[in-house]
Amino acid sequence: VGAKPGPVPVISRKFRMNWRGAVYLVLSFAVGFAAAVKGNNLLFIVFSTLLGVFAASVVFTLLGPRGLEFARLLPEAAFAYTPFTYGLRIRNRKRLLPAFGLRVEDRLTHDGRLAAIQPVPIWIPFALPGEKLRATTTAAATQRGPARFGPITITSEFPPGLVTYS
């Protein structure tokens, strides 16, 4: 298939707020505005709690995919137009923090262009610190000749999924 064993490169990272996060922040600031207008201490406590949940979601989303190590486990041979299964070995090198809600997407290219059919994404709901996981996915080479894998995209959405880090 044309990939060498060893560490797998990962694409650069982007931080985005999704629509759930935007709605959550708008509603949180509406509670904060009501607290400021009314002077109600209970509303200030609710506002602070809402912002704390948002901040925790952002921090855990950013820390989730860090410290992960990937290696591909490829078959000996693959044939054009025939689906094949390959594995990813994932190791969480962090000592304290687990990784939550990860989606791992691999890319398959032919002659420098993306293949028409890409490998199926892998979902990892939870990876404990120091844990080694093995996941399998399916891909298909749509042309004859060498095909290359590369780089992996990791997307993290810590529950409740207010922001995305990929």
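Remember, predicted model here, so these are calculated numbers, not experimental data.
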(message) Checking Glu105 against Arg103 for the salt bridge (charged side-chain N to carboxylate O under 4.0 Å, His left out) test, could you report, in this order, the C-alpha distance in whole Å, the side-chain angles of both residues, the deciding distance, and whether it holds?
(response) CA-CA 7 Å; Glu105 294 179 79; Arg103 184 178 73 221; 3.2 Å; yes
(request) Evaluate side-chain contact (heavy atoms from CB on, under 4.5 Å) for Ile152 paired with Val104, printing each intermediate quantity in order. (result) CA-CA 7 Å; Ile152 287 179; Val104 180; 3.5 Å; yes
(message) Would Arg107 and Leu114 count as a side-chain contact (heavy atoms from CB on, under 4.5 Å) here? Give the steps.
(response) CA-CA 7 Å; Arg107 286 182 171 67; Leu114 283 177; 4.0 Å; yes
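Leu162 and Val59 fall into different hydrophobic clusters, where Ile, Leu, Val, Met, Phe, Trp and Tyr residues are linked whenever their side-chain heavy atoms come under 4.5 Å apart, directly or through other members. Under the 4.5 Å side-chain heavy-atom criterion for Ile, Leu, Val, Met, Phe, Trp and Tyr, Met17 and Phe29 are members of the same hydrophobic cluster. Under the 4.5 Å side-chain heavy-atom criterion for grouping Ile, Leu, Val, Met, Phe, Trp and Tyr, Val31 is not connected to Val23 through any hydrophobic cluster. At a threshold of 4.5 Å between side-chain heavy atoms, the hydrophobic network of Ile, Leu, Val, Met, Phe, Trp and Tyr places Leu25 and Val58 in one connected group.
Contact record, Leu68 with Ala99: CD2-CB, 4.4 Å, taken as the closest heavy-atom pair. Looking at every heavy atom in both residues, Thr61 comes nearest to Ser57 through OG1-O, 2.7 Å. Across every non-hydrogen atom of Leu50 and Tyr24, the tightest pair is O-OH, 3.0 Å. For Ser28 against Leu51, the heavy-atom pair with the smallest separation is CB-CD2, 4.5 Å. Minimum heavy-atom separation, Phe15 to Leu62: CD1-CD2, 3.5 Å. When all heavy atoms of Gln118 and Leu108 are compared, the closest pair comes out as OE1-N, 2.9 Å.
Atom CG in Leu63 sits 11.0 Å away from atom CG in Leu96 (nearest 0.5 Å). Rounding to the nearest 0.5 Å places CG of Leu102 at 9.0 Å from OG1 of Thr155. From Lys94, atom NZ reaches atom CG of Asn92 across 4.5 Å, with rounding to the nearest 0.5 Å.
With a 4.5 Å cut-off on side-chain heavy atoms, Ile154 and Tyr165 do not count as touching.
More than 12 heavy atoms of other residues, nucleotides or ligands shown are found within 6.0 angstrom of CZ on Arg16. Annotation: Phe60, atom CZ; neighbour count of heavy atoms from other residues, nucleotides and ligands within 6.0 Å does not exceed 12.
Pairs passing the salt bridge (Lys or Arg N to Asp or Glu O under 4.0 Å) check and including a residue from residues 49-59, sequence neighbours excluded, do not occur. Pairs passing the ring pair (Phe, Tyr, Trp, His ring centres under 6.0 Å) check and including a residue from residues 85-132, sequence neighbours excluded, read Tyr86-Phe149, Phe100-Phe126, Phe100-Phe158.
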Mind listing the side-chain donor-acceptor pairs of residues 130-147 below 3.5 Å, one per line with the distance, residues two or more places apart or on another chain?
{"unit_1": "Glu131", "atom_1": "OE1", "unit_2": "Leu128", "atom_2": "N", "d": "2.7"}
{"unit_1": "Thr137", "atom_1": "OG1", "unit_2": "Val120", "atom_2": "N", "d": "3.4"}
{"unit_1": "Thr137", "atom_1": "OG1", "unit_2": "Val120", "atom_2": "O", "d": "2.5"}

Check: residues 33-43 side-chain donor-acceptor pairs under 3.5 Å, at least two apart:
{"unit_1": "Asn40", "atom_1": "OD1", "unit_2": "Leu42", "atom_2": "N", "d": "2.9"}

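Residues passing the side-chain contact (heavy atoms from CB on, under 4.5 Å) test with Phe79, sequence neighbours excluded: Ala77, Thr82. Not a single salt bridge (charged side-chain N to carboxylate O under 4.0 Å, His left out) links Arg89 to another residue, sequence neighbours left out.
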